[in-house]
Amino acid sequence: MEINLAEIERLIGVVERYGLTELTISEEDVTISIIAEPAAAAMVPEAVPAFYEMHAAPATRPHSEQEKNRIRIESPMAGVFYRASSPDVPPLIEVGDHIEVGHPIGIIEAMKVFTEIPSEVSGTVVEIPAANGQLVRAGDTLVVLEIEKG
Amino acid sequence: MTSATPYDNLFHYSEIDSTQDQARRLLADPATAHVRIVLADFQTSGRGREGRRWCAPAKSSLLATLVVRMTDFSLDCSRWLSFAAGIAALQMLEEIVGRPLPIGFRWPNDLICEKKKLAGILIELIPTPPTAEPDQAADASSQAPPFTALVGVGINLQLTPSQNDPTIKAISLKEVFEVAGISPPPELRSPTEMARRLLSPMEAEMERVRQTGVSDLIQRWRRRDQSNGFSYQSQSAGKIITGRACGVSPGGALQIQTAEGEIFTTWSASHLPTDPLSRSERVQFSGNVF
């Protein structure tokens with residue numbers, strides 16, 4: 001395999017297009033690994049302290065300038081999103097539900113660790129963009145809440 | 001549940017639905033929120049990945065949930081608790097025996113011997129209930145909400161092949177000792193003692209993830225990694241990749257090589273007890289995997 005900038009750029013494009021976090025290509029004695037997720041790459045010791053501060057909790061952001069009473073809850077991590085704790089129980093939330101701070105909005109699984117994601121705000125669920133069983137990355141919107149106008 | 005025996009922070013049941021579920025219930029009750037270990041002789045609804053059931057005849061296995069507090073812990077590091085738990089379980093066994101055992105890891109944290117499963121671990125990370133964190137409200141300065149890890153551990157102590165699910169290649173701790181040519185020490189005949197001995201390394205390994213990061217953790221895990229060659233499936237929203245483990249990325253993600261030779265890296269995959277590639281099944285892929 002010939003290594004040149006154009007080939008590497010092409011591989012980066014593949015990573016971005018398919019939403020991959022890592023891509024490894026091996027041919028003869030050459031191996032190229034592209035790691036798209038900063039969080040994974042940051043797991044070398046020197047980057048860990050800042051990383052902890054950046055992702056201490058699920059992020060909540062205003063949904064848009066036009067809808068300031070809407071908050072989107074972002075995924076704090078990469079993994080598979082589940083709306084229920086097991087396949088045979090109801091989802092943790094549904095559109096229209098009013099939830100309080102701390103109410104679980106979903107579960108994200110990675111490496112057999114199931115992390116329950118709590119809501120950081122109270123409000124009414126107006127949208128659940130993340131589908132059950134969907135792969136999500138850090139920063140993806142999981143749920144949109146409408147908060148009470150104060 | 002029957003015959004609960006709570007003393008200090010260990011709650012032992014002769015029969016219960018799931019030690020994971022019972023740990024949640026105990027944490028939610030102020031009277032029992034100090035729980036650290038939930039132990040069962042038999043589970044009626046033991047849990048595995050993707051809703052799978054973990055079944056074992058009474059007293060054939062160590063079935064426990066360890067409750068580990070994770071103050072100031074980043075959720076984005078939660079996946080690596082999986083490696084930490086596997087390392088802690090192996091460390092507990094080897095410390096009791098006082099020598100290395102012929103046990104390795106199958107990604108992410110199965111303990112295996114001679115390519116057969118000895119132990120499985122599943123972790124649930126939940127916000128610590130207020131009942132279990134009475135000072136939580138007063139500590140408004142804390143940036144990260146406190147989380148609690150419920151570490152479900154199942155170790156096959158003496159399950160025989162005839163008792164076992166024939167599709168799962170399992171091995172008991174008793175057989176591991178036979179392979180190693182050593183006599184099992186008394187501590188390893190007592191699930192209660194094993195669970196108690198497991199709590200300390202589990203807390204220590206998880207605290208180590210928080211304090212020092214994961215590069216050291218991954219290096220130590222790699223030394224006992226025996227995942228290569230096992231069949232795995234990664235699946236999400238209709239996208240399925242089936243292949244054989246061919247390595248672990250620098251960040252600890254599993255690398256799967258398909259029958260076509262493509263290598264994909266994923267944070268979420270299930271080991272397949274049977275080997276679909278040997279049956280020449282079609283490999284399906286439509287992009288977007290981790």
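The sequence lines fix the lettering, A, B, ..., with proteins before strands; numbering per chain opens at 1.
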So which heavy atom on [X] is nearest to which on [Y], and how close?
{"X": "B:P108", "Y": "A:M111", "answer": "CG-O, 3.6 Å"}
{"X": "B:D110", "Y": "A:K112", "answer": "OD1-NZ, 3.2 Å"}
{"X": "B:S78", "Y": "A:M77", "answer": "OG-CE, 3.3 Å"}

Find the distance between [atom1] ([X]) and [atom2] ([Y]) and round it off to the nearest 0.5 Å.
{"X": "A:S85", "Y": "B:R24", "atom1": "OG", "atom2": "CZ", "answer": "6.5 Å"}
{"X": "B:L125", "Y": "A:E109", "atom1": "CG", "atom2": "CD", "answer": "12.5 Å"}
{"X": "B:W267", "Y": "A:L135", "atom1": "CH2", "atom2": "CG", "answer": "13.0 Å"}

